[in-house]
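The next block holds one structure in the form of structure tokens; read it before the comments.
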Amino acid sequence: MSRTARNASIGIAVTAALTLGLTACGSSGGDDVAADKKQTLTVWAMGAEGEKLADVAKVYEKANPNITVKVTPVGWDVAHQKLVSAAAAGTLPDVAQMGGSYMGEFAELGVLEPVDTKTFDEKDYFQSGWEQGEVDGKAYGVPWYVDTRVLYYRTDLAEKAGITKAPTNWKEMQDLATAYQKKAGTKWGLSIQPSGLDTVQNFYSFLYSAGGEIVNAKGEAVIDSPEAVKALKEYGSYFDKGLSNKSVQPGYDVVKDFGNGRVPMFFGGPWHVTLLNEGQPQVKGKWAVANVPADKSSVSMAGGSSLVISKDSEHKAAATEFIKYLTDTKGQADWYKRTKDLPANTSAWTSGDLADDTNLQVFKKQMDTAKSSPSLSNWTEITDKVDQAIAKVTQGKASAEDALKTAQSQIEGLVK
């Protein structure tokens with residue numbers, strides 16, 4: 001969904017919600033059915049998770065014969081609109097998967113049940129994972145899985161360029177990108193997005209590592225800070241020096257170019273491990289992952305999904321038990337085996353592949369410092385202004401200072 005369509009749908013949802021009498025307090029949903037009574041739980045999960053969750057639900061039903069779990073897979077392309085429509089109509093499922101970018105919007109509508117913090121302890125989860133489910137200091141979502149971005153790099157081509165270790169800071173990363181081109185003959189040095197929707201997701205690794213933010217903890221726009229300017233100058237330098245491609249087509253497959261050697265480095269998520277292993281077997285043993293190269297520190301973005309309970313649900317007790325099953329140590333380890341989604345519960349990382357796999361441990365270390373985005377209902381509109389600023393710099397149309405000064409002015413009007 002485009003940002004314009006998405007923001008329009010938010011306005012429609014708010015209007016419809018007010019028409020139907022939804023308030024910030026929500027509705028009680030009537031008497032709650034006891035968890036041990038015979039009942040049906042309705043659950044919406046998105047994308048591949050929706051398909052896999054149905055299998056887990058069958059296992060859960062065998063252990064809890066009084067509970068029927070009806071899982072509805074929802075495509076990510078229509079997920080937001082379906083949730084918006086259901087919220088406005090008062091027909092949200094008992095349990096729903098929800099990304100951090102949605103949380104502020106739906107909490108503001110008053111359609112989510114606050115998390116039972118006596119059942120779910122934030123100390124059991126990655127801090128940034130827990131924070132994705134919080135709005136104004138109150139938790140509405142229990143972390144289900146997490147993801148973050150790390151640096152993927154071709155070790156064989158690095159050795160050909162005379163470099164035998166992963167870059168740990170900005171200078172070493174740019175030195176490696178340059179060496180890839182000049183000594184290993186690659187087309188590019190580093191793949192980062194030059195413009196378009198969600199360019200900010202590539203920029204976060206630079207922004208956060210420099211100590212910058214878009215909106216601070218006080219809710220103030222700070223995208224024109226010295227730290228942010230420094231980060232955007234560094235980001236833009238890859239395009240100025242011809243180390244990164246200024247023109248990348250929508251749907252570009254970096255995995256393919258990583259496999260054929262045109263692109264020797266990129267920032268990617270945990271799913272890229274599977275994509276490389278299955279789609280580019282010729283480079284097995286010829287690549288590795290490393291934590292985001294640091295400026296002040298190594299900080300990447302935090303992503304993932306949470307599980308929420310509808311304020312209107314009459315099955316909150318059973319829904320809580322089901323979410324507890326999905327997010328405890330055993331459930332998280334099982335979910336990783338089924339999906340390769342990284343566990344949000346840190347105790348699941350103490351055994352098996354999650355404890356022994358070197359690549360996975362890089363992701364865990366990155367999650368320990370990863371930063372989540374603020375749970376603001378208009379966050380996508382805010383980041384759109386940053387996307388525009390980045391594009392001005394990568395295309396040589398503005399300096400980092402001027403581009404971010406414009407973005408600052410625009411974002412100030414959105415956070416008032």
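Judged by a 6.0 Å distance limit and a 45° cone about the ring axis, Lys123 is not positioned over the six-membered ring of Tyr125.
Using a 4.5 Å heavy-atom threshold, the side chains of Ile323 and Val115 count as separate. With a 4.5 Å cut-off on side-chain heavy atoms, Ser375 and Tyr140 do not count as touching. A heavy-atom distance below 4.5 Å is found between the side chains of Ile214 and Trp379. Pro293 is listed as a side-chain neighbour of Leu151, based on a closest heavy-atom distance under 4.5 Å. Side-chain atoms of Gln97 and Trp144, non-hydrogen and from C-beta on, do get closer than 4.5 Å to each other. When side chains are defined from C-beta on, Ile67 counts as touching Gln39, because their heavy atoms get closer than 4.5 Å. Two residues are said to be in side-chain contact when any heavy atoms from C-beta on lie closer than 4.5 Å; Leu232 and Ile390 meet this criterion. Taking 4.5 Å as the limit, every side-chain heavy atom of Asp124 sits out of range of all side-chain heavy atoms of Phe120.
More than 12 heavy atoms of other residues, nucleotides or ligands shown are found within 6.0 angstrom of NZ on Lys246. Environment of NZ in Lys324: sparse, with no more than 12 heavy atoms of neighbouring residues, nucleotides or ligands closer than 6.0 Å. Residue-environment remark: CD (Gln127) stays at or below the threshold of 12 foreign heavy atoms within 6.0 Å. Heavy atoms of other residues, nucleotides or ligands lying less than 6.0 angstrom from CG of Asp121 number more than 12.
By the 30° and 60° cut-offs, the orientation of the rings of Phe106 relative to Tyr102 is tilted. Using cut-offs of 30° and 60° on the angle between ring planes, the pair Trp170 and Phe206 is tilted.
Considering Gln388, Lys392, Glu401 as possible partners of Thr406, the one that fulfils the side-chain contact (heavy atoms from CB on, under 4.5 Å) test is Lys392. Each of Asp387, Asp198, Thr199 was compared with Gln193 under the side-chain hydrogen bond (donor to acceptor under 3.5 Å, both in side chains) criterion, and only Thr199 meets it. Partner Pro264 forms a side-chain contact (heavy atoms from CB on, under 4.5 Å) with one of Tyr180, Phe258, Tyr153 and no other, that one being Tyr180.
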Worksheet entry | Step-by-step side chain to side chain contact (heavy atoms under 4.5 Å, CB included) determination, Asn64 to Tyr325 | CA-CA 11 Å; Asn64 301 270; Tyr325 174 82; 5.8 Å; no

Discussion item. What verdict does the side chain to side chain donor-acceptor pair (under 3.5 Å) test give for Gln282 and Gln280, after you've listed the backbone C-alpha separation in whole Å, the side-chain angles of each residue and the deciding distance to 0.1 Å?
Written reply: CA-CA 5 Å; Gln282 76 278 9; Gln280 304 295 324; 2.7 Å; yes

Worksheet entry | Test side chain to side chain contact (heavy atoms under 4.5 Å, CB included) applied to Thr72 and Trp44, step by step | CA-CA 5 Å; Thr72 300; Trp44 287 5; 3.6 Å; yes

Item to complete: Begin with the C-alpha distance, continue with both residues' side-chain angles, and end with the deciding distance and a verdict on side chain to side chain donor-acceptor pair (under 3.5 Å) for Asp94 and Thr42.
Response: CA-CA 5 Å; Asp94 298 305; Thr42 55; 3.0 Å; yes

Worksheet item: Going through the distances and angles, do Ser191 and Tyr252 end up as a side chain to side chain contact (heavy atoms under 4.5 Å, CB included)?
Response: CA-CA 11 Å; Ser191 177; Tyr252 169 67; 4.0 Å; yes

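There is a side-chain donor-acceptor pair under 3.5 Å between Thr168 and Glu172. Neither side chain, Glu412 nor Gln410, offers a donor N or O lying under 3.5 Å from an acceptor on the other.
Between Glu131 and Lys371 there is no salt bridge, since none of the side-chain N atoms of the basic residue sits less than 4.0 Å from a carboxylate O of the acidic one. A salt bridge links Arg154 with Asp156: at least one charged nitrogen is closer than 4.0 Å to a carboxylate oxygen.
For the atom pair CE (Met265) and CD (Gln174), the distance works out to 9.0 Å, reported to the nearest 0.5 Å. Taken to the nearest 0.5 Å, the CD atom of Glu321 stands 7.0 Å off from the OG1 atom of Thr119.
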